[in-house]
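The structure appears below as structure tokens.
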Amino acid sequence: MQMEQLVALCKRRGFIFQSSEIYGGIQGFWDYGPLGVELKRNVREAWWQDMVNSHNELVTPPGAPTPFSMVGLDCSIIMHPQVWKVSGHYDLFHDYMVDCRESRRRYRLDQVVGRWVEYDGQRVFVASDQSEDAFDAMQQKALKFFNLRGKDKGKLQWEEELITLDKLDDTSQVLAPDAKKLGTLTEPREFNLMFKTIVGALGSEEDTAFLRPETAQGIFVNFKNVLDSTRVKLPFGVAQIGKSFRNEITPRNYTFRSREFEQMEIEFFCHPDASQDWYRYWRDRRYQWYTNLGLAGDRLRLRDHDPDELSHYSTGTADIEYAFPFLAEGDFGELEGVAHRGDFDLRSHMEGKLDPATCPLEVEKDEHGQPRHRGSGENLNYFDDDSRERFTPHVIEPSAGADRATLAFLCEAYTEDEQPDEKGKMQRRTVMKLHPRLAPIKAAVFPLVKKDGMPERAREIYGALKQRFNVFYDEKGAVGRRYRRQDEAGTPYCITVDGQTMDDDTVTIRDRDTLEQWRVRSDEVVDQIAERLSR
Ligand code: GAP
């Protein structure tokens, strides 16, 4: 499938529109149309139903170490600005940053200086993030890199100019400050991530707040509230679905990288000793969730991060990825990340922003030796009544995007085939093979013709179904065309009232995928549709 075909169908049939389209649109923002809003709601509801509402805390689910509880939250989009300082998002707000794949350190592009040096025909840019004695440090690095000894200093041909990294077009020949190999820096990225806003009428700098870039922090800062207001005991998960905002520098690939999007996140709190088991449980369970809803082919994969991709405090992270059609052959895009976050987040909100580069984690200090960003000082530890143990729970975080999941379901559903029309002539058809739980319209009801009492019977059936499901009534045009329209909308079942209905009170039900048709009594239609949708 070509992405353009799906984009065209989504616009034509009202799944997704460009935001503010009549004014030329606004990059990175999308609107869901009448079909799209139902589809995305169904994605969210399937997630909430499967993760929260239908969870039975009295039994051990398959693969889980023990029973556990699940509760939900709905937090505000604008939170106290300190939340983002402590979480680390605020410090990533300014300027261009690069990451070193080797040392896993992150640098501000304009704070790394360096000089070009040549030896034996090879020209290398030696970088340092130390402003003082930078040249000495560079010289040592260059000697090491070229396998030379101190006495060989004179063999190095240095270019005069000390320049900052942001002046280079290409970093492939850069020896990063803490790296031994060349070309370990990622593409520079502007971490102008959070959208700023002003709270209140005065509008001074102190009134600056941010639109949340993730829903997760609302859960961490409510950890104590949840414990105090419910009777949940560890292990338990807190789920939240809601909008997040990121001022992405390069929003692209349709809704995949948007500036406003929705997340479905769980923070699962557990005892540190059991955290590895819980990490594996959530990783596998979340992968299974997508396969259950139709992403079952080889376009979906679970990818464990290599140890060198992990932050110091994470002992495991896996991405659930989908081979979106807009990606190059063999490439996958992230649908969800499942991360073992240790005690990083709860400790940060207690003690102050932690320095992710330290191991064991330490509070990041300013030039006066004070915490760079103070925590709340609240006690976010957990006291286990049974073992009389007090500890900071570890966190497993399955963090999914509702828009990316919706896009993956749309991509997977898009199918073209050839089917015979009423006269037996083969016709091309586009069909969205969405899982019935996700389908925006669950069933369509048609009278075969607009006479002989058929519309009246069809409306009765429609009315009965409408009480329980989102269904659609259509009496216009040839029945074949009506089927095609529902195929494109992803409607799993079409119910047709025909001449025989008027004799024996049976109707036909047509299956979108198999095209099989069978007759049922009209008073059995609701139960039969309900039963099929629940499969
Ligand atoms: N709390 C962890 C967190 O936010 P993330 O990997 O940055 O982790 C989690 O985001 C999920 O949110 C991603 O896997 C993706 O599905 C979704 N997401 C992130 N940025 C997005 C964007 N710009 N547009 C659409 N979805 C996005």
Side-chain angles (χ1 to χ4, degrees), residues 16 19 26-32 40 43-44 47 73 75 77 79 83-84 86-89 92 99 189-195 210-221 223 237-269 279 282-283 286-287 289-290 295 300-303 305 309-311 313-314 316-322 324 326-327 332-342 344-346 348-349 356 395-411:
I16 299 173
S19 167
I26 169 164
Q27 226 195 342
F29 297 91
W30 298 93
D31 295 338
Y32 287 83
K40 194 170 145 193
V43 170
R44 285 195 307 252
W47 186 90
L73 278 177
C75 306
I77 284 172
M79 301 174 71
V83 169
W84 307 112
V86 165
S87 70
H89 290 85
L92 297 176
D99 289 319
R189 216 187 129 168
E190 195 182 4
F191 277 91
N192 190 2
L193 197 70
M194 289 193 291
F195 281 99
F210 304 97
L211 306 191
R212 67 180 175 201
E214 61 171 24
T215 60
Q217 297 302 322
I219 301 179
F220 295 126
V221 302
F223 173 72
V238 184
Q240 171 159 225
I241 298 180
K243 290 263 185 172
S244 293
F245 301 82
R246 293 183 194 176
N247 200 0
E248 296 284 358
I249 304 308
T250 50
R252 65 175 143 208
N253 291 334
Y254 207 22
T255 59
F256 181 82
R257 190 175 307 287
S258 308
R259 290 181 164 139
E260 174 177 342
F261 54 97
E262 228 163 332
Q263 290 186 307
M264 309 186 289
E265 297 199 289
I266 295 171
E267 304 304 328
F268 187 81
F269 301 97
Y279 164 67
W282 279 108
R283 189 195 60 174
R286 290 300 307 145
Y287 178 76
W289 187 77
Y290 293 95
L295 300 189
L300 184 75
R301 76 173 185 192
L302 180 66
R303 186 181 69 83
H305 283 206
E309 280 181 88
L310 298 174
S311 40
Y313 55 85
S314 178
T317 299
D319 286 343
I320 300 167
E321 300 177 328
Y322 184 73
F324 286 97
F326 48 75
L327 299 173
F332 286 74
E334 179 186 322
L335 285 181
E336 170 161 353
V338 183
H340 186 310
R341 296 186 57 86
F344 182 83
D345 305 280
L346 289 178
S348 299
H349 285 298
V395 168
I396 313 301
E397 179 189 69
S399 172
D403 304 83
R404 284 199 192 165
T406 302
L407 185 57
F409 290 125
L410 281 168
C411 292

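Numbering of ligands and ligand atoms starts at 1, following listing order.
Side-chain N/O atoms of Gln217 and His89 include no donor and acceptor closer than 3.5 Å. In this structure, a donor-acceptor pair under 3.5 Å is present between the side chains of Glu336 and Tyr290.
Ligand 1 is never approached by Asp403 to a heavy-atom distance shorter than 4.0 Å.
Of all the listed residues (Glu262, Glu334, Arg246), Arg246 holds the heavy atom that lies closest to atom 4 (O) of ligand 1.
The nearest protein atom to atom 10 (O) of ligand 1, hydrogens excluded, is given as Gln263 NE2, 3.3 Å; this is a heavy-atom distance. Residue, atom and distance of the protein heavy atom nearest to atom 18 (N) of ligand 1 are Phe261 CE1, 3.5 Å. Closest to atom 15 (C) of ligand 1 among all protein heavy atoms lies Arg404 NH1, 3.5 Å. Nearest to atom 8 (O) of ligand 1 among the protein's heavy atoms is Ser399 OG, 3.7 Å. Here the protein heavy atom with the shortest distance to atom 16 (O) of ligand 1 is Leu335 O, 2.8 Å.
Under 4.0 Å from ligand 1, the heavy atoms of Glu336 that appear belong solely to its backbone. The residue Asp319 has no part lying near ligand 1, judged by heavy-atom distances below 4.0 Å.
For Gln240 (side chain) and Met264 (main-chain N/O), no donor-acceptor pair under 3.5 Å exists by modelled atom type. Checked by atom type and distance alone, the side chain of Arg404 pairs as donor or acceptor with a backbone atom of Phe256 at under 3.5 Å. Tyr254 places no side-chain N or O within 3.5 Å of a backbone atom of Phe326 that could act as its donor or acceptor partner. Using modelled atom types, no side-chain atom of Glu265 and backbone atom of Ser399 make a donor-acceptor pair closer than 3.5 Å. No side-chain donor-acceptor contact under 3.5 Å links Gln263 to the backbone of Gly401.
The ligand atoms of ligand 1 that sit less than 4.0 angstrom from a heavy atom of Ala216 are 1 (N). When each atom of ligand 1 is checked for a heavy atom of Ser258 under 4.0 Å away, the hits are 22 (C), 23 (N), 24 (N), 25 (C). Distances below 4.0 Å separate heavy atoms of Glu265 from the following atoms of ligand 1: 1 (N), 2 (C), 3 (C), 4 (O).
Distances between N or O atoms of Ala400 and those of ligand 1 include no value under 3.5 Å. Inclusion of Phe256 in the set of residues having an N or O under 3.5 Å from an N or O of ligand 1 is warranted. Polar contact check, Gly401 against ligand 1: a nitrogen or oxygen pair lies under 3.5 Å apart. Below 3.5 Å of separation, one finds an N or O of Glu214 facing an N or O of ligand 1. For ligand 1, one of its N or O atoms has an N or O atom of Glu397 under 3.5 Å away.
Across every non-hydrogen atom of Val83 and His349, the tightest pair is O-CE1, 3.9 Å. Between Leu73 and Ile219, the closest heavy-atom pair is CD1-CA, 3.8 Å.
The six-membered or imidazole ring of Phe223 lies near that of Phe269, with a centre-to-centre distance under 6.0 Å.
In this structure, Arg286 satisfies the cation-pi test against Trp289, with its NZ or CZ atom closer than 6.0 Å to the six-membered ring centre and inside 45 degrees of the ring normal.
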